[in-house]
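Model, not experiment: these values are computed from the prediction. We count ligands from 1, going down the list as the structure has it; atoms in each ligand are counted the same way.
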Amino acid sequence: MKITIIGTGYVGLVSGACLAELGNTVTCLDVQTEKIAKLKEGIMPIYEPGLDSIVARNAQAGRLFFTDSYAEAIPGADIISIAVGTPSAADGSVDMQYVEAAARDIGSHISEYTVIADKSTVPVGTAENVEAIIRETSGINVDVVSNPEFLREGHAVYDFLHPARIVIGAATEPAKERMLRAYEHVDCPKLTMDRRSAELTKYAANSFLAIKISFINEMAEVAEVLGADIGEVVAGIGSDPRIGKDFLKAGPGWGGSCFPKDVRAMRHLAEQLGISLPVVDAAHKLNQKARVRMAKRLESELGDLTGKKITVLGLAFKGNTDDTRDSAAIEMINYLTNRGAHVIAHDPVAKIAPADLNGYNLSQVSCPYEAAQGSHGIIIATEWEHFRKLDLLKMRRLSSGDILIDTRNLFNVDIAGQAGWKYISIGRKTYEATSGASC
Ligand SMILES: NC(=O)c1ccc[n+]([C@@H]2O[C@H](COP(=O)([O-])OP(=O)(O)OC[C@H]3O[C@@H](n4cnc5c(N)ncnc54)[C@H](O)[C@@H]3O)[C@@H](O)[C@H]2O)c1
């Protein structure tokens, strides 16, 4: 099939490359001409494991193309998939300007019946709105389906090719059949439903996962006070199939480009409908606390942070990605620098562009040991595998202080403590380096 993907970001580029891998002929379109020029040269605009090789293989095989021209990308496509950003607006609603612009541009270039798939995460009712925009602009009969994406950054290629399910919300049989054909070589349940249910499925999924994480973070605080180990508790409850082990990792709260904005959108939607969502609201509130809890803990250990040098290891919202959107690391840096600290950060891949520094007193270095030099306290904010291999004795020798806060529980408590740290992690005992005692 001929498929066009509008928006060549984390979702669009991965979807395009994987749909080409499945045998389709795919054109990826983006309004960022520089991004497209780089992709034509084989340069990836994002860090995503395995993406460069799948893009190269399919481009070479003549199944994957890149363009910044709607006139080139739209005619002749069997399916046009919209994968542009849907960020939060100031009031928590979804900013639909990119989806609507894409719909208008599709409408201006379309000349025959086509299926349009909303892959972006969009409010309930969007498929109907996008259909109306395209039909009004073009005068052509099109079908718009909802085809939400569930991939995880850092595992995106694998997730796209091996999904737990594919959701297709369609209003007509021809549209449903065409979508099923595009995914015929993907071995997973394909759930077909009405469009509104498909759109709500995505928000319900992300809200539920966010609730799971907030719940375990709540339990982690209890474990810290009672001297229990949250990892053991998760093993204990996660082995119950009714609960499951996934998304029960205590940490610095959920972040990234999806959960925060999708939970905000869910809450905003409920407000519009006059429905209260106390469970979702509680998860959101708990998360705001979780994201700065360990920065506050560092402040309580060190006292006044003015002039203190603090090391933050990790900028990305999670390991294996360069995405810093709504990252807990950034929120911690915000908290620390607002209180006068100078933060030295290291992330193996992610960088904060000078334009996005927001006035933070932040330096970024390429080596974790350089980041630790003369530091009064260290926070591990992202679960890069790379950090598990750090030489904690060397870090301790380089550092001026002995506080190591690990929001990702990367180290064994006793080993970190024996390396000379007051090692504070999430939902576990604190190791006091001087006494070997725990509290
Ligand atoms: N990132 C994820 O892990 C993930 C997972 C599932 C779903 N989603 C959803 O997928 C959507 C895309 O997310 P993303 O992270 O890939 O965003 P992104 O910001 O990485 O990419 C969006 C791309 O769309 C392009 N774009 C914007 N307007 C355009 C237009 N009118 N025409 C053509 N291109 C245009 C931008 O230039 C950008 O390259 C969002 O709705 C998001 O919620 C994201």
Side-chain angles (χ1 to χ4, degrees), residues 4-18 27-39 44-49 51 66-74 80-89 93-109 116-123 126-127 130 133-134 137 146-160 163-167 198-199 201-203 205-207 209-210 254-266 316-318 320-327 350:
T4 288
I5 312 275
I6 313 271
T8 309
Y10 288 88
V11 166
L13 181 54
V14 170
S15 304
C18 292
T27 301
C28 289
L29 163 80
D30 205 286
V31 285
Q32 291 185 47
T33 48
E34 207 178 302
K35 191 184 248 191
I36 293 299
K38 283 191 173 155
L39 279 163
M44 293 303 106
I46 53 169
Y47 175 81
E48 184 61 48
L51 183 61
F66 299 100
T67 183
D68 57 6
S69 159
Y70 273 85
E72 213 175 279
I74 299 302
I80 299 168
S81 191
I82 300 177
V84 300
T86 48
S88 288
S93 65
V94 182
D95 178 352
M96 293 296 286
Q97 62 168 310
Y98 307 106
V99 172
E100 286 165 4
R104 282 193 298 275
D105 279 329
I106 293 169
S108 305
H109 292 89
I116 321 292
D118 282 337
K119 190 161 265 307
S120 297
T121 303
V122 288
T126 297
V130 166
I133 294 174
I134 298 174
T137 319
S146 166
N147 176 215
E149 182 50 57
F150 300 96
L151 62 77
R152 297 161 301 166
E153 286 177 23
H155 303 267
V157 172
Y158 179 87
D159 285 355
F160 192 93
R165 78 309 206 182
I166 288 168
V167 171
E199 288 164 341
T201 294
K202 175 65 188 176
Y203 284 106
N206 277 1
S207 298
L209 294 171
W254 32 274
S257 62
C258 291
F259 288 3
K261 84 171 171 64
D262 294 349
V263 167
R264 274 195 289 270
M266 191 74 227
F317 81 93
K318 64 175 185 173
N320 271 338
T321 183
D322 58 353
D323 196 346
T324 59
R325 289 177 285 184
D326 252 316
S327 167

Within ligand 1, which atoms have a heavy atom of V31 less than 4.0 Å away?
26 (N), 29 (C), 30 (C), 32 (N), 33 (C), 34 (N), 35 (C), 37 (O)

Any atom of ligand 1 sitting under 4.0 Å from a heavy atom of F150?
no

Atoms in ligand 1 with a heavy atom of I6 nearer than 4.0 Å:
32 (N), 33 (C)

Would the number of heavy atoms belonging to other residues, nucleotides or ligands and lying under 6.0 Å from OH of Y98 be above 12?
no

Kindly identify the option in R325, K35, K261 whose heavy atom sits closest to atom 43 (O) of ligand 1.
K261

Would the distance check show the side chain of S81 and the main-chain N or O of K119 forming a donor-acceptor pair, the cut-off being under 3.5 Å?
no

Out of V99, L151, L13, I82, indicate the one that has the non-hydrogen atom closest to atom 5 (C) of ligand 1.
L151

Would you indicate which of T8, D68, D323, V84 comes nearest to atom 26 (N) of ligand 1 when only heavy atoms are counted?
V84

Just jot down the ligand 1 atoms closer than 4.0 angstrom to any heavy atom of C258, in number order.
2 (C), 3 (O), 4 (C), 5 (C), 8 (N), 44 (C)

Is the shortest N/O to N/O distance between E149 and ligand 1 below 3.5 Å?
no

Under 3.5 Å: donor-acceptor pair, side chain of T86, backbone of T121
yes

Would you say the side chain of K261 lies within less than 4.5 Å of the side chain of R325, judging by non-hydrogen atoms?
no

Quick test: of every protein heavy atom, which one is nearest to atom 21 (O) of ligand 1, and how far off is it to 0.1 Å?
G9 CA, 3.2 Å

If you have a sec, work out which protein heavy atom is nearest atom 2 (C) of ligand 1 and how many Å separate them, to one decimal?
E153 OE2, 3.4 Å

Do any N/O atoms on D30 end up under 3.5 angstrom from N/O atoms on ligand 1?
yes

Donor-acceptor check, side chain of K35 to backbone of T8, threshold 3.5 angstrom: yes or no?
yes

Min side-chain heavy-atom separation D326-F317 under 4.5 Å:
no

E48 side chain to A156 main-chain N or O, any donor-acceptor pair under 3.5 Å?
yes

for atom 9 (C) of ligand 1, nearest protein heavy atom and its distance come out as T121 OG1, 3.5 Å

Quick check: A83 and ligand 1, any N/O pair under 3.5 Å apart?
no

Please state which part of S120 comes within less than 4.0 Å of ligand 1, counting heavy atoms only: side chain, backbone, both or neither.
both

Atom 24 (O) of ligand 1 has as its nearest protein heavy atom G7 CA, 3.4 Å

Around atom 22 (C) of ligand 1, find the nearest protein heavy atom and jot down its residue, atom name and distance.
G85 N, 3.6 Å

Under 3.5 Å between some N or O of ligand 1 and some N or O of Y10?
yes

Would you say S120's side chain and V122's backbone share a donor-acceptor pair under 3.5 angstrom?
no

Return the closest protein heavy atom for atom 44 (C) of ligand 1 as residue, atom name and distance.
V11 CG2, 3.2 Å

Which bit of Y70 gets closer than 4.0 Å to ligand 1, counting heavy atoms only: side chain, backbone, both or neither?
side chain

Y47 side chain near D323 side chain, heavy-atom distance below 4.5 Å
no

Would you indicate whether the side-chain heavy atoms of V14 and L51 approach each other to under 4.5 Å?
yes

Between K202 and D118 (salt bridge meaning N to carboxylate O under 4.0 Å), is one present in this structure?
no

Any nitrogen or oxygen of D105, main chain or side chain, under 3.5 Å from a nitrogen or oxygen of ligand 1?
no

Which protein non-hydrogen atom lies closest to atom 41 (O) of ligand 1, naming both residue and atom, and how far is it?
T86 OG1, 2.5 Å

With heavy-atom distances below 4.5 Å as the criterion, would you say the side chains of P49 and V157 are in contact?
no

Does the N or O separation between Q32 and ligand 1 drop below 3.5 Å for any pair?
yes

Does L151 reach the side chain of Y10, with side-chain heavy atoms less than 4.5 Å apart?
no

